[in-house]
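Below is one structure; the comments refer to it alone.
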Protein chains: 2
Amino acid sequence: MGKTMHENAVAAPFAAEKLRLAGLRPTRQRLELASHLFGGPDRHVTAESLHDEVVEAGIKVSLATVYNTLHQFTQAGLLRQVIVDAARGYFDTNTGDHQHFFLEDEGMLIDIPGETITVAGVPTAPPGMTVDRVDVVVRIRRS
Amino acid sequence: MGKTMHENAVAAPFAAEKLRLAGLRPTRQRLELASHLFGGPDRHVTAESLHDEVVEAGIKVSLATVYNTLHQFTQAGLLRQVIVDAARGYFDTNTGDHQHFFLEDEGMLIDIPGETITVAGVPTAPPGMTVDRVDVVVRIRRS
DNA sequence: AAGTAGTTTAGAATAATTCTAAGTCGAGAA
DNA sequence: TTCTCGACTTAGAATTATTCTAAACTACTT
C-alpha cells in the first residue's frame, strides 16, 4: 500500500497553504512530512518514528531534515513539543489547550481534551517572570 | 575548605542509617553523596551538577557512580526524578507530593508545595492501567 | 535562463547516559 | 584478624538522541 489518493489530492495542497502561511517554502520534504502529520487525526510523533514512517512510505528524507522540519513546524505553531520522557522528544499535532496521559511502559501519549482537567491555585510566577504554560502529565502504567 | 564538622558528625551518620534502611551498603561514595544531598534543605540536582559539586568539595567519585547512585536512591524512594527538560534529568530530594516551576531560561527548578495546586477532573486511566502520578510543571521565563 | 537565498543531506560532532570488564571494598565466616 | 565473596566503583568505550557542518540542490524572482 502506498499513498492513497486522498493524501495526494486533498492533504498535500492543504499542507502547501499551511506552509506558505507559516513562511516556510513548500519543498517536497516539508510537503510530504506535513501531509503525513496533518493529513489525518491528531497524532504524536518522535523524529525517529516519523522518519521511519515516511521512509517506509517510500519517501526520501534524511533524519536531519525530519528534525529540522519538526522544529520549524513547532516554531511556526503547527506543532507543539511535549516533554514527558527524558530519553526522547515528542511532537504533537494538537497545538490547542490540552493535557496528556503518558503510558510509561510503551512510551506512548494520549491526549486529554483541554476542558477535562482543571488546574487551580497556580501561584504567580516569581518577580520578573511570566508563566509560559502549565503542563499536566498523567503518568500511567499496566496495573 | 573541606568538609565541615557538621557534615561529618551529624549528616553522615544520619545518611548511613538512611542507606541501611534502603538496603544499600553505606559505602564512602554513597555516604558522601547522601550527605551532600540530604544534609540541608531540599534541592534539585542533575548528575553533572552533583558530580561537579562533590569533586569541587574534594571528594573522589566518578560520574558513573553518581549516575548509579542517583538511580539507586530514586529506586529506594530517597529521591524522585523530575522530567521537565528533554536534555537532562533532574533529581529532587523532596519526594513528597508537590509540583514545580521550571525556569526555562536557566534550567532551574523551584518547588511548589503539594497543597498549593489542585488538579481536578483527571480522567480515569484506560482499562488495565493505573495512574502512577500526576505531574504539573509551570513553565516560566523572563518577561 | 540565471542568480541567490533558503533547503537538504551525509557524515562528523556533541552531550547525556549506560555499559563493560577489571579492580576494590564491606561485612560476615572462620 | 584474616579470608572470602558478592556488592560496589571506575575508566573508558559504547550507545542514543540530537545538532552541526559544509557542500550540493532547489524554489522563486528577475
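Naming convention: chains lettered A, B, ... in sequence-line order (proteins, then strands); numbering from 1 in each chain.
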Q: Please examine the side chains of Gln99(B) and Val119(B), heavy atoms only from C-beta on, and report whether any two atoms are closer than 4.5 Å.
A: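 No, every pair of side-chain atoms sits at 4.5 Å or beyond.
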Q. Where does the angle between the aromatic ring planes of His71(A) and Tyr67(A) fall among parallel (under 30°), tilted (30 to 60°) and perpendicular (over 60°)?
A.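 Correct class here is tilted.
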Tell me: [atom1] of [X] to [atom2] of [N], nearest whole Å?
X: Ile59(B); N: dT9(D); atom1: CD1; atom2: P; answer: 13 Å
X: Leu70(A); N: dT8(C); atom1: CG; atom2: C1'; answer: 15 Å
X: Asp85(B); N: dT17(C); atom1: CG; atom2: C1'; answer: 14 Å
X: Leu31(B); N: dA27(C); atom1: CG; atom2: C1'; answer: 14 Å
X: Leu24(B); N: dA27(C); atom1: CG; atom2: C1'; answer: 15 Å

**Q.** Heavy-atom donor-acceptor pair, Arg80(A) side chain to Gly96(A) backbone, under 3.5 Å
**A.**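 Here the side-chain-to-backbone pair exists.
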**Q.** Over 12 foreign heavy atoms within 6.0 Å of CD, Gln81(B)
**A.**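 Enclosed.
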(Q) Taking only side-chain N and O atoms of Gln29(B), does any of them lie within less than 4.0 angstrom of OP1 or OP2 on dT10(D)? (A) yes
(Q) Please determine whether a side-chain nitrogen or oxygen atom of Thr65(B) lies at a distance below 4.0 Å from atom OP1 or OP2 of dT9(D). (A) no
**Q.** Joint cluster assignment, Val54(B) & Leu79(B), ILVMFWY side-chain distance < 4.5 Å
**A.**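 Val54(B) and Leu79(B): one cluster.
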Q | Summary of protein contacts for nucleotides 25-30 of chain D, nucleotide by nucleotide, where a base hit scores B, a sugar-phosphate-only hit scores S (4.0 Å, heavy atoms) | A | -BBS--
Q: Indicate for each nucleotide in nucleotides 14-22 of chain D, in 5' to 3' sequence, whether protein heavy atoms under 4.0 Å reach the base (B), only the sugar-phosphate (S), or nothing (-).
A: ---SBBB--
Q. Side chains of Asn94(B) and His44(B): is there a donor and an acceptor less than 3.5 Å apart?
A. no
Q) In Å, rounded to the nearest 0.5 Å, how long is the span from CG of Leu78(B) to CZ of Phe38(B)? A) 5.0 Å
Q: Calculate, to the nearest 0.5 Å, the distance between atoms CZ and CG belonging to Arg139(A) and Asp105(A) respectively.
A: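 Rounded to the nearest 0.5 Å, the CZ-CG separation comes out at 12.0 Å.
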